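FYI, the numbering just counts along the sequence from 1. A quick note: this is a predicted structure, and the numbers were derived from the prediction, not measured.
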Amino acid sequence: MKNSKNPQKNRKKIAVILFFTTALLFVVFISRFSYIMVKGQINGENLSKKVNELYTRSSVLKAKRGTIYDIGGKPVALDATSYSLVAVLTDKWSKDKEHPNHVVDKEKTAEVLSQNINMSKEEILERLNTPNVDQVEFGNAGKNLSYEIKSNIDKNKLTGLVFDETTTRFYPNGTFASHLVGLAQVDKNAETGEIKNDILDGIMGTEQAYNNILKGTDGKIEYKKDSFGYSLPNTKPKEVKPKDGKDVYLTLDNRMQVFMENTMTEVNEKYAPKSMTAILMNPKTGAIMAASQRPSFNAETLEDLSFWQNLLVEDTFEPGSTMKVLTLAAALNEGKFNPNATFMSGVKKVEGGEIRDHNKVGWGQISYLEGLERSSNVAFVNLMEQMGAGTWKNYMDAFGIGKSTNSGLPNESTGSNPYEWPLEKANTAFGQGVTVTAFQMMQAYSAIANNGKMVKPYFVDKTVDPKTGKQTITKPTVVGEPITAETAQKELEYLQNVVYSENGTGQAYQIDGYKIAAKTGTAEIVNPDTKKYYIGDNNYIFSVVGMAPADDPELVLYVTMKQPQKYDGTVTGGRMVADVFNPIMKRALQYQDLSNQPDDSESNKVEMSKVTGVAKEEALKTLEDKKLNVTIIGNGDTIVQQLPLPESTILAGQKVVLLTNGAMTMPNMTGWSKNDVLKVSEITGQKFKIDGDGFVTTQSLPENVNMEGVPEINVTLAPPR
């Protein structure tokens, strides 16, 4: 007890304990620091990397998405910067009264904005006087504003106006093969509409199919900064340059596409079908020259974007009698079609049911040629039986029925061909019970129009690296040779009878000055609820395929119209489809004639310069120096489309129409010719109704008013006095 209370001994013990504890801690710390120094890590994390991240800043260098052009080099889809306008109404974000960040002069602000966006001064003032809000927007009128509009507003040095910059995709043609061209959009929150990131990605059509080629690769720049944001001395930025996306040139011809869209719109309004398609193709190569569908949408404004399905490749349907083109080809190739042999039309019994002609009773004992002209179902079932069901199935396979064309477009369907029971096999001979896509049928038809060689439909002419100019050109692809050239030529002769004989079902498809080979179709439609065919005069898919010039076709046009709702029985299905087919085929043939005619006149000739992508002022000077009459449409600062096309030969003084990247404003057309008015329609996609002949005297839309969203512009022409 005495020793334990000795203070000196206790102090010595405590000192010894502290000494060894300190020594132990020192050894532990030294070991730990040595480990960190040697390994450069702590708790598995790299310290050098952490320090580097602490002082390293980086920025993404955006790659430019490639532009989509038509075959002539007109932009169809291109990147653009747009601005959304916001007005700040609260003063709580202002530093002081001398430096306001909110709208101070509401009267002047409303006056300036009304001159630049599509809202009246009164409407803008009402927004600016909204109570108990910090800021207001201006709806669609304040969105997608061009840089020029922003600059015009900024010049007035108004306070409280904020422009949010957004990368957008610009579709200058509006409704223009919209499902085929597709859409590219930034990723947005579905509920709030807020942009998650500003990277454009293809979500439909060519934009989606060629997304990896179009979008390019973003770059970045890294640099060192201290905690105050100042660059660290003796450091250099590290830069990885972005790689811009490649440009894509479509096979679409702008002139034909615009004309097709206008025609489809007119017929759609006239008959209101549930759906409608049209494809114009060069059968020698497979290049799609124009393609459209209804329902469609305006890719620039997204108006009517409620139907996402690309009917050309995603929709499957029973083709009806246009399938007989392939049945006839197979029978001719097998030597089974004798045009002078006869058969009893009307009805034919087949195991499992019976086949009837479309008039139910037939036309008595007729020749097989007349059976083709009248589109007799019985005739074609007879031909299938003479070939043999197995042989006919082999021909369907050879024509690509039931197989994808591998177009590259998203969600392409294969169709179906149930071919088990005798009645199923018989039905396929006249296009019922088998389902196809429009692209499949175009591929099959090419064999008849191209001397037996079947070519794959394609819609991209080439891709181009904008930096190097390197091109990857799409070459026509022969995917089969199901029939001989002799068979193809004979069939073209017989198909003319469908159009020109007194019994022909295709008489409505005659076009003055040209020979047409065609086959019509009227296909029944299965009710998905009852699994039985609909009944009723309008519950069909009316269709036609036409090839022209008939002796050696350069064009194939296939049109379908499903269940027209404005149908009173006074107009046949063939006549309704002809309202689409005839004007489009006639215009296409006229363009073919013009391109094949030599021009011997050399006086006053001028070569049209390429001014797309050029600043407006520079383009204007270039063309006026060539003594051309230039009209500019739109309030943008860069030319995105032009007519006539680059490198074309035109006459001095000819009207040239240029479209900018701004809002499409109406020009003053007084004194213009009809052809010049049509140039504006073609380049803008705007529908014009032209009355009279001669030169423009009046126009329903005043000069400088925005054309977008105007359903139709009326223009009156009169001969000069």
Review point. Where do V313 and T437 land on the side-chain contact (heavy atoms from CB on, under 4.5 Å) test, with the steps shown first?
Key: CA-CA 6 Å; V313 294; T437 67; 5.5 Å; no
Practice item. Answer yes when E207 and R65 have at least one side-chain N-carboxylate O distance shorter than 4.0 Å, and no when they do not. Key: yes
Review point. Going by an N to O cut-off under 4.0 Å, is there a salt bridge joining K121 and E107?
Key: yes
Practice item. Mark yes or no for whether D244, through its side chain, and K64, through its backbone, hold a donor-acceptor pair below 3.5 Å. Key: yes
Study note, to complete from the structure: Exactly one candidate in E682, Q641, Q686, K74 meets side chain to side chain donor-acceptor pair (under 3.5 Å) with N173; the answer is Q641
**Study point:** Value rounded to 0.5 Å, distance of CG in L409 from CD in Q208
**Key:** 9.5 Å
Review point. Side-chain contact, heavy-atom cut-off 4.5 Å: Q699 with W672?
Key: no
Review point. Under the side-chain contact (heavy atoms from CB on, under 4.5 Å) criterion, do L250 and V248 qualify, and how do the steps go?
Key: CA-CA 6 Å; L250 301 177; V248 172; 4.2 Å; yes
Exercise for review: Might you work through the side-chain contact (heavy atoms from CB on, under 4.5 Å) test for L302 and Q185, ending with a clear yes or no?
Suggested key: CA-CA 11 Å; L302 301 185; Q185 293 183 333; 3.4 Å; yes
Point to revise | Candidate pair I288 and F439, rule side-chain contact (heavy atoms from CB on, under 4.5 Å), full reasoning | key: CA-CA 10 Å; I288 303 296; F439 259 46; 4.3 Å; yes
**Study point:** Exam field: side chain T474 to backbone V460, donor-acceptor pair closer than 3.5 Å
**Key:** yes
Practice item. Specify whether H179 and F307 have parallel, tilted or perpendicular ring planes, treating 30° as the upper limit for parallel and 60° as the lower limit for perpendicular. Key: perpendicular
**Study point:** Closest approach of T265 to R294 (non-hydrogen atoms, all atoms of both residues)
**Key:** OG1-NH2, 2.9 Å
Practice item. Give a yes or no on whether the backbone of F297 and the side-chain of S178 come within a donor-acceptor separation of less than 3.5 Å. Key: yes
Practice item. Decide, yes or no, whether a salt bridge links E126 with K106 under the criterion of side-chain N to carboxylate O below 4.0 Å. Key: no
Review point. Is it true that a side-chain atom of K246 and a backbone atom of T472 form a donor plus acceptor pair closer than 3.5 Å?
Key: no
Check your understanding: Take atom NZ in K150; do more than 12 heavy atoms of anything else shown fall under 6.0 Å from it?
Key -> yes
Exercise for review: Determine, stepwise, if the pair D304 / N298 fulfils side-chain hydrogen bond (donor to acceptor under 3.5 Å, both in side chains).
Suggested key: CA-CA 7 Å; D304 300 323; N298 184 313; over 6 Å; no
Check your understanding: Is it true that a side-chain atom of N268 and a backbone atom of M264 form a donor plus acceptor pair closer than 3.5 Å?
Key -> no
Practice item. Identify, with sequence neighbours excluded, every residue that meets side-chain hydrogen bond (donor to acceptor under 3.5 Å, both in side chains) alongside N101. Key: none
Point to revise | Enclosure of K687 NZ (heavy-atom neighbours >12, cutoff 6.0 Å) | key: yes
